[in-house]
Engineer: 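Right, I'll just put the structure down here and ask away after.
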Amino acid sequence: MKIHKITNLVAFENTYILENDQGLLVVDPGSDWKKIERKLEELAKPVIAVLLTHTHYDHIMSLEKVREHYAAPPVYVAESESSWLYTPTDNLSGLARHADLDDIICRPAEEFFSYETDYNLGGFHFYVLATPGHSIGGVSLVFPNDCLVLTGDALFRESIGRTDLPTGNMEQLLTSIREKLLVLPKDYAAYPGHGHDTTISHEKIFNPFLAQ
């Protein structure tokens, strides 16, 4: 499997496009649709599904464009945040401080994640961990055959997701990271929703929020 990262202008959010011989998975399609579209056109493979680590606006801004241009692939999301896709106040695009943005209103997702269940979509093998704390429905996507995890806005390189937004909870986030992510093999690469990639071992040693 190959992983392609696009860093979007709004909130410097990371969109990931995962590629195998059969097709593509799009994870968290952010604001820069043209950059996302160029990469998808360059790869020239079908989009098998869209996976959402959570549904804050910066992670879903190009969701409807992907659906429109790539044969409406199924969208997977945590059930607890599924209504946020079409509720601007919940996905935060409708708040007064984001008056410079259009309200983000997406169609409902086709699928809700089943946690710690093996998925095999178009040859992509992964499972989903519930990692709430940044938001109630935050998830991380583990690809064991490729020794990597996409951590959304839970775990960043030498940092963690903010917990001052609605449904955020610092204690819950730290528990999610320690009990779900740091127990992964230390050589696993970790690809976050913002910033640079890292490894589980690096975060165990250098992340100041996780010091025992």
Side-chain angles (χ1 to χ4, degrees), residues 3-18 24-37 39-40 47 49-70 73-95 97-98 100-113 126 128-142 149-157 159-168 173 176 181 190-197:
I3 185 165
H4 307 274
K5 182 173 83 169
I6 295 167
T7 300
N8 298 276
L9 181 62
V10 172
F12 299 104
E13 182 268 346
N14 294 327
T15 294
Y16 295 101
I17 299 172
L18 311 183
L24 310 170
L25 295 178
V26 177
V27 180
D28 292 353
S31 64
D32 289 355
W33 164 241
K34 289 301 181 183
K35 289 168 65 175
I36 296 169
E37 182 182 35
K39 178 55 69 173
L40 293 173
V47 176
V50 178
L51 311 179
L52 301 177
T53 65
H54 63 297
T55 55
H56 285 155
Y57 71 96
D58 50 321
H59 292 254
I60 61 172
M61 292 180 75
S62 291
L63 174 56
E64 292 307 304
K65 291 291 188 181
V66 175
R67 284 169 147 167
E68 176 185 348
H69 291 266
Y70 290 92
V75 174
Y76 288 72
V77 71
E79 184 174 7
S80 57
E81 287 187 20
S82 59
S83 66
W84 296 15
L85 287 170
Y86 46 83
T87 310
T89 51
D90 288 338
N91 67 44
L92 308 182
S93 65
L95 300 185
R97 68 173 180 267
H98 296 309
D100 57 325
L101 298 176
D102 292 334
D103 285 354
I104 305 301
I105 301 173
C106 302
R107 290 179 286 126
E110 285 73 24
E111 302 286 344
F112 298 147
F113 285 126
F126 65 97
V128 183
L129 299 174
T131 50
H134 170 69
S135 65
I136 194 64
V139 306
S140 297
L141 309 169
V142 182
V149 55
L150 280 71
T151 59
D153 283 9
L155 178 65
F156 301 144
R157 182 178 177 86
S159 190
I160 62 174
R162 59 188 294 185
T163 57
D164 60 333
L165 299 171
T167 77
L173 181 57
S176 294
L181 298 177
Y191 293 88
H194 303 267
H196 298 291
D197 56 282

Engineer: Above 12 or not: heavy atoms from other molecules or residues under 6.0 Å from NZ of Lys5?
Structural biologist: yes

Engineer: What closest approach, in Å, do Gly195 and Pro192 show between heavy atoms, and which atom pair accounts for it?
Structural biologist: O-CG, 4.1 Å

Engineer: Closer than 4.0 angstrom, basic N to acidic O: yes or no for Arg67 and Glu110?
Structural biologist: yes

Engineer: Between Gly137 and Ala78, what is the shortest heavy-atom contact and its length?
Structural biologist: O-CB, 3.2 Å

Engineer: Suppose we screen for salt bridge (charged side-chain N to carboxylate O under 4.0 Å, His left out). Which residues come up paired with Asp164, at least two apart in sequence or across chains?
Structural biologist: Arg162

Engineer: Please list, chain by chain and in numerical order, all residues satisfying side chain to side chain contact (heavy atoms under 4.5 Å, CB included) with Glu37, sequence neighbours excluded.
Structural biologist: Trp33, Lys34, Glu41, His69, Tyr70

Engineer: Could you measure the distance from the CD1 atom of Ile6 to the CD atom of Glu13? Nearest 0.5 Å is fine.
Structural biologist: 10.0 Å

Engineer: With respect to Trp84, which candidate in Ile60, Asp90, Leu52 satisfies the side chain to side chain contact (heavy atoms under 4.5 Å, CB included) definition?
Structural biologist: Asp90

Engineer: Please report the shortest heavy-atom distance between Gly138 and Glu81, naming the atom on each side.
Structural biologist: N-OE2, 3.6 Å

Engineer: How about Asp103: does its CG atom have over 12 heavy atoms from other parts shown lying under 6.0 Å from it?
Structural biologist: yes

Engineer: Give, for atom CG of Asp58 and atom OG1 of Thr15, the distance between the pair rounded to the nearest 0.5 Å.
Structural biologist: 9.5 Å

Engineer: Looking only at side chains, do Asn14 and Thr7 share a donor and an acceptor under 3.5 Å apart?
Structural biologist: yes

Engineer: For Phe112 and Val77: C-alpha separation, side-chain torsions, deciding distance, then whether side chain to side chain contact (heavy atoms under 4.5 Å, CB included) applies.
Structural biologist: CA-CA 5 Å; Phe112 298 147; Val77 71; 4.1 Å; yes

Engineer: Could you measure the distance from the CG atom of Leu155 to the OG1 atom of Thr131? Nearest 0.5 Å is fine.
Structural biologist: 9.5 Å

Engineer: Rounded to the nearest 0.5 Å, how far apart are CG of Leu165 and CG of Leu92?
Structural biologist: 5.5 Å

Engineer: Answer yes or no: is there a donor N or O on one side and an acceptor on the other, between the side chain of Asn8 and the main chain of Val10, under 3.5 Å?
Structural biologist: no

Engineer: Before giving the answer on side chain to side chain contact (heavy atoms under 4.5 Å, CB included), spell out for Asp197 and Ile3 the whole-Å C-alpha distance, their side-chain angles and the decisive distance to 0.1 Å.
Structural biologist: CA-CA 11 Å; Asp197 56 282; Ile3 185 165; over 6 Å; no

Engineer: Check whether any side-chain heavy atom of Leu51 lies under 4.5 Å from a side-chain heavy atom of Tyr16, and answer yes or no.
Structural biologist: no

Engineer: Which label fits Tyr57 and His98: parallel for a plane angle under 30°, tilted from 30 to 60°, or perpendicular past 60°?
Structural biologist: tilted

Engineer: Look up atom CD1 in Ile17 and atom CG in Leu24, then write down how far apart they are to the nearest 0.5 Å.
Structural biologist: 7.0 Å

Engineer: Please determine whether the number of non-hydrogen atoms from other residues, nucleotides or ligands lying under 6.0 Å from atom CZ of Phe12 exceeds 12.
Structural biologist: no

Engineer: Just by distance, do the side chain of Thr151 and the backbone of Ser140 share a donor-acceptor pair under 3.5 Å?
Structural biologist: no

Engineer: So, for Asp102 and Ser93, which heavy atoms are closest and what is the spacing to 0.1 Å?
Structural biologist: O-CB, 4.0 Å

Engineer: Would you find a donor on one side and an acceptor on the other, under 3.5 Å apart, between the side chain of Ser176 and the backbone of Pro132?
Structural biologist: yes

Engineer: Assess the side chains of Asp153 and Ser135: does a donor N or O sit below 3.5 Å from an acceptor N or O?
Structural biologist: no

Engineer: Knowing that exactly one of Thr55, Ile105, Ile104 qualifies, which makes a side chain to side chain contact (heavy atoms under 4.5 Å, CB included) with Tyr86?
Structural biologist: Ile105

Engineer: Roughly how far, to the nearest 0.5 Å, is the CG atom of Leu129 from the CG atom of Leu150?
Structural biologist: 11.5 Å

Engineer: Search all heavy atoms of Phe156 against all heavy atoms of Gly193 and return the closest pair with its distance.
Structural biologist: CE2-N, 4.2 Å

Engineer: Going by the angle between their ring planes, with limits at 30° and 60°, are His54 and His59 parallel, tilted or perpendicular?
Structural biologist: tilted

